[in-house]
Amino acid sequence: MSDLREIRKLFDHSKNFCKKRTVRKKDVLIQQGEVSNSIYFIQSGILRMWHNANGDDITLQFFEANQVLASCESFYLQKPSKFTLEVIEKGEILEISKIKLNQILEQEPEIKEILMKYIYERFIEYMNLFLSRIKNTPEQRYIELIENYPDMVEKIPHHYLASYLGITPVSFSRIRARIKNKD
């Protein structure tokens, strides 16, 4: 994966273009149906990306400190977002608008290379996430989440974890009990 210093370099170099924001629990950065005009670097806190499917809340991914997030399709194509980006643990973020990012990328080819590398790595991560959703059981996916993000999992409300796994909160409680009994 990208050296975190490279991603920080993009945002540090762009401080004059960034807007620093304090975010609180339940704050929404982009609402499903809106057009995204910014990307975000999480300095602290936890956010989630979710989709409302006819009243059902489907959590797709969680993000924590030192990660970049956006509603990528909406940001790139300037189409309505299919996702809501919501804060689930208060923190600090840096925001760069599409206009400012384009200015930076035109002026700094090195920054463009860093961003492209990060985008490719995120694409690979998403493909692995997609494969995991196809081939693994909810319990296996929960174990992967614990192994990859142990600190974050402890802070995420259980109903969001159940939504992420595609199961009910009751089924999630059973999985947690089975895993706890194995230890």
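Residues take their numbers from the sequence shown, with the count starting at 1. The basis for the numbers below is simple: all heavy atoms, side chains too, and nothing from hydrogens, waters or symmetry mates.
Counting only heavy atoms from C-beta outward, the side chains of Tyr142 and Val153 approach each other to under 4.5 Å. By the 4.5 Å heavy-atom criterion applied to side chains, Ile42 and Leu47 are counted as neighbours. Side-chain contact check for Leu69 versus Ile39: every heavy-atom pair is 4.5 Å or farther apart. Ser132 places none of its side-chain heavy atoms less than 4.5 Å from the side chain of Phe130. With contacts defined as side-chain heavy-atom distances shorter than 4.5 Å, the pair Ser97/Asn37 does not qualify. Annotation: side chain of Leu94 is not in contact with side chain of Lys19 (no heavy-atom distance under 4.5 Å). Between Leu115 and Leu105 the shortest side-chain heavy-atom distance falls below 4.5 Å. Counting only heavy atoms from C-beta outward, the side chains of Ile88 and Tyr160 approach each other to under 4.5 Å.
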Determine whether Ile143 and Asn136 satisfy the following criterion, side-chain contact (heavy atoms from CB on, under 4.5 Å), listing intermediate values before the conclusion. CA-CA 10 Å; Ile143 291 168; Asn136 294 338; over 6 Å; no
Run Ser74 and Ser81 through side chain to side chain donor-acceptor pair (under 3.5 Å) and show every step you take. CA-CA 5 Å; Ser74 177; Ser81 177; 4.9 Å; no
Where do Ile156 and Arg48 land on the side-chain contact (heavy atoms from CB on, under 4.5 Å) test, with the steps shown first? CA-CA 10 Å; Ile156 297 172; Arg48 75 179 181 123; over 6 Å; no
side-chain contact (heavy atoms from CB on, under 4.5 Å) between Glu95 and Lys100, intermediate numbers included: CA-CA 10 Å; Glu95 177 180 358; Lys100 300 287 186 188; over 6 Å; no
With side-chain contact (heavy atoms from CB on, under 4.5 Å) as the criterion, how do Gln43 and Lys20 come out once you've worked through the C-alpha distance, each side chain's angles and the decisive distance to 0.1 Å? CA-CA 10 Å; Gln43 293 185 305; Lys20 187 172 185 171; 3.3 Å; yes
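Scored by the salt bridge (charged side-chain N to carboxylate O under 4.0 Å, His left out) test, Glu139 finds Arg178, Lys182 as partners (sequence neighbours excluded). Lys90 meets the salt bridge (charged side-chain N to carboxylate O under 4.0 Å, His left out) test with no other residue; sequence neighbours excluded. The salt bridge (charged side-chain N to carboxylate O under 4.0 Å, His left out) test applied to Glu73 returns Lys79, Lys82, not counting sequence neighbours.
Between the side chains of Ser71 and Ser36, no donor N or O sits under 3.5 Å from an acceptor N or O. Side-chain contact check for Glu92 and Thr22: at least one donor-acceptor pair (N or O, by modelled atom type) lies under 3.5 Å.
Applying the ring pair (Phe, Tyr, Trp, His ring centres under 6.0 Å) rule to pairs touching residues 50-107 yields Phe62-Tyr164, sequence neighbours excluded. A salt bridge (charged side-chain N to carboxylate O under 4.0 Å, His left out) check over residues 140-157, counting only residues at least two apart or in different chains, returns nothing.
Remark: the backbone N or O of Thr137 is paired with a side-chain donor or acceptor of Gln140 at under 3.5 angstrom. Of the possible donor and acceptor atoms, none in the side chain of Glu106 sits under 3.5 Å from a partner among the backbone N and O of Gln103. The main-chain N or O of Arg24 is found under 3.5 Å from a side-chain atom of Asp27 such that the two form a donor-acceptor pair. Within the 3.5 Å criterion, the main-chain N or O of Asn52 finds a donor-acceptor partner in the side chain of Gln32. The backbone N or O of Gln31 lies less than 3.5 Å from a partner atom in the side chain of Glu34, making a donor-acceptor pair. Although no hydrogens or angles enter the test, the distance criterion places a donor-acceptor pair under 3.5 Å between the side chain of Tyr118 and the main chain of Val68.
Phe123 and Met49 sit in two unconnected hydrophobic clusters of ILVMFWY residues. Membership requires side-chain heavy atoms under 4.5 Å apart, directly or through other members.
Expressed to the nearest 0.5 Å, how far CG of Leu145 lies from CG of Leu165 amounts to 7.0 Å. Atom OG1 of residue Thr84 and atom CD1 of residue Ile58 lie 11.5 Å apart, to the nearest 0.5 angstrom. Between Glu64 atom CD and Gln67 atom CD the span is 5.5 Å, to the nearest 0.5 Å. The CZ atom of Phe41 lies 10.0 Å from the CD1 atom of Ile96; values are rounded to the nearest 0.5 Å.
When the shell of 6.0 Å around OH of Tyr126 is examined, it contains more than 12 heavy atoms from other residues, nucleotides or ligands. The neighbour count for Ile134 CD1, taken as heavy atoms of other residues, nucleotides or ligands under 6.0 Å away, is above 12.
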Scan the side chains in residues 169-177 for donor-acceptor partners under 3.5 Å anywhere in the protein, sequence neighbours excluded, and list what turns up.
{"from": "Ser171", "atom 1": "OG", "to": "Thr168", "atom 2": "OG1", "distance (Å)": "3.2"}
{"from": "Ser173", "atom 1": "OG", "to": "Pro169", "atom 2": "O", "distance (Å)": "3.2"}

